[in-house]
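Below: the structure, in structure tokens.
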Amino acid sequence: MKSDRLLSALILLQAHQRLSTREIAERLETSQRTAHRDMEALCTAGVPLNAYRGVGGGWELEKSWRTKIPGLDQAELQGLLMAQPSALGDRKLTAAAQRAFDKLMASMPAPMRVQAESIRARLHIDPTGWRPMEEDLSMLPVVQDALARDVKLTFLYTRADGETAPRTVDPLGIVSKQAAWYLIARAPAGMRTYRISRMRDVMALAIPFVRPENFDLAAYWKRSVATLSSQKTRASATLALSPQAVSSLERWCPMLALPEHSARPKLPEGWLVYQVEFENHNQARFVAMGLGASAMALGPEELCRAITAEARAMRELEPLSPAFD
């Protein structure tokens, strides 16, 4: 709506002092012609807006057009600005959060606004990991709507094993863990956690439900994570490692040196034996083989057999070489 766009333009000018027509158009995702007409509309409405031509020109509000908010101390200001909109990880959510930040910045007194801009200029949050996975959050607005109205939610859910089935639940909260978003809900069989990117055909039903009294979302999530961690089947391996392998591995896995271990055959100079903890047997095999000639598996026997069989299978593979005349 035009009224929303005009309000957004006004907030941008309050937060950024002077902006060109091009900058306003880019931030509001509209054409420069539309942005120019919006500025004229604000002037007609009596907003004290000044236009400057030439290099460095643009549109600027008179200095008196500033609202104030209750003062924030240094710790409160830094804590608030540490939660940057980019941390949300989703483009639409980031854009909405950025608009909210712009409103906050616009309402700050000038000295505090300068300080806030300085803090934000020194912090950037990249929500993606080194192995980024695209999260489909297209269903998130429907989930948020059901949460806000305390109505039941129905959807198709695809589990990690690929099985897809319908679900009807009482939504109790959403959790963001890095770039992944989860729905915490009460299902007929009890409390469940659903990854929102695996939800399809989500619909908020016109069926209200009674939210459990004293339900603590943060406490529930903390218990769930602890339970999941305790259920993981970890694997311990005894590895002889070169100094280079130790340097690479100690950043990722818990390790305990075993100086009294009598490894056979005799180890190269500088090598040591370690007990290394892995998430599972497959990870232990993958890492031990990935270290190549810098590591030797000494136990357990199951791991040694698996590595030997894998190495034998690799040797038996015929290399595919191009034929030349």
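The structure presented is a predicted model; accordingly, all values stated were derived computationally and were not measured. Scope of the values below: all heavy atoms of this structure, side chains included, with no hydrogens, waters or symmetry mates.
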[X] and [Y]: same hydrophobic cluster, using ILVMFWY side-chain contacts below 4.5 Å?
X      : Y      : result
Ile307 : Met314 : yes
Tyr182 : Val225 : yes
Phe155 : Leu205 : no
Leu291 : Val246 : yes
Val142 : Trp181 : yes

Practice task
Would you check, one step at a time, whether the test side chain to side chain contact (heavy atoms under 4.5 Å, CB included) holds for Met39 with Leu13?
Solution key: CA-CA 10 Å; Met39 296 301 99; Leu13 289 169; 3.9 Å; yes

I'd like to know if the side chain of [X] and the backbone of [Y] have a donor-acceptor N/O pair within less than 3.5 Å.
X      : Y      : answer
Ser224 : Tyr220 : yes
Tyr157 : Ile196 : no
Arg211 : Leu172 : yes
Thr227 : Arg223 : yes

Side chains of [X] and [Y]: does their closest heavy-atom pair fall under 4.5 Å?
X      : Y      : result
Ile24  : Thr30  : no
Ile184 : Leu217 : yes
Tyr274 : Thr238 : no
Thr158 : Glu163 : no

Show the nearest heavy-atom pair for residues [X] and [Y], with the distance to one decimal.
X      : Y      : value
Ala204 : Arg149 : CB-NH2, 3.7 Å
Ser294 : Ala245 : O-CB, 3.4 Å
Leu239 : Ala288 : CD2-CB, 4.3 Å
Ala187 : Tyr194 : CB-OH, 3.7 Å
Pro171 : Lys152 : CD-CA, 4.2 Å
Ala206 : Pro208 : O-CD, 3.7 Å

Handout entry: Plane angle bin for His36 and Trp59 - parallel if under 30°, tilted between 30 and 60°, otherwise perpendicular
Key = perpendicular

Exercise for the section: Please step through side chain to side chain contact (heavy atoms under 4.5 Å, CB included) for the pair Cys253 and Glu277, ending with a clear verdict. Expected result: CA-CA 6 Å; Cys253 302; Glu277 298 295 326; 5.8 Å; no

Handout entry: Derivation and outcome, side chain to side chain contact (heavy atoms under 4.5 Å, CB included), residues Trp221 and Lys177
Key = CA-CA 10 Å; Trp221 179 256; Lys177 188 172 180 63; 3.8 Å; yes

Problem - Pair Asp136 + Arg200, salt bridge at N-O below 4.0 Å - result: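 Salt bridge between Asp136 and Arg200, a charged N being under 4.0 Å from a carboxylate O: yes.
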
Practice task
Answer yes or no: is there an ion pair linking Glu26 with Arg22, defined by an N-O contact shorter than 4.0 Å?
Solution key: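 So Glu26 pairs with Arg22 through a salt bridge.
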
Exercise for the section: With side chain to side chain contact (heavy atoms under 4.5 Å, CB included) as the test, would you mind laying out the steps for Leu140 and Ile174 before giving the verdict? Expected result: CA-CA 9 Å; Leu140 183 56; Ile174 51 179; 4.1 Å; yes

Can you tell me how far apart [atom1] ([X]) and [atom2] ([Y]) are? Round to the nearest 0.5 Å.
X      : Y      : atom1 : atom2 : answer
Met203 : Thr168 : CE    : OG1   : 10.5 Å
Ile207 : Asp150 : CD1   : CG    : 14.0 Å
Met139 : Leu153 : CE    : CG    : 10.5 Å
Leu156 : Asp201 : CG    : CG    : 5.0 Å
Arg285 : Glu310 : CZ    : CD    : 5.0 Å
Met255 : Leu272 : CE    : CG    : 9.0 Å

Exercise for the section: Check whether more than 12 heavy atoms from other residues, nucleotides or ligands sit under 6.0 Å from atom CZ of Phe215, and answer yes or no. Expected result: yes

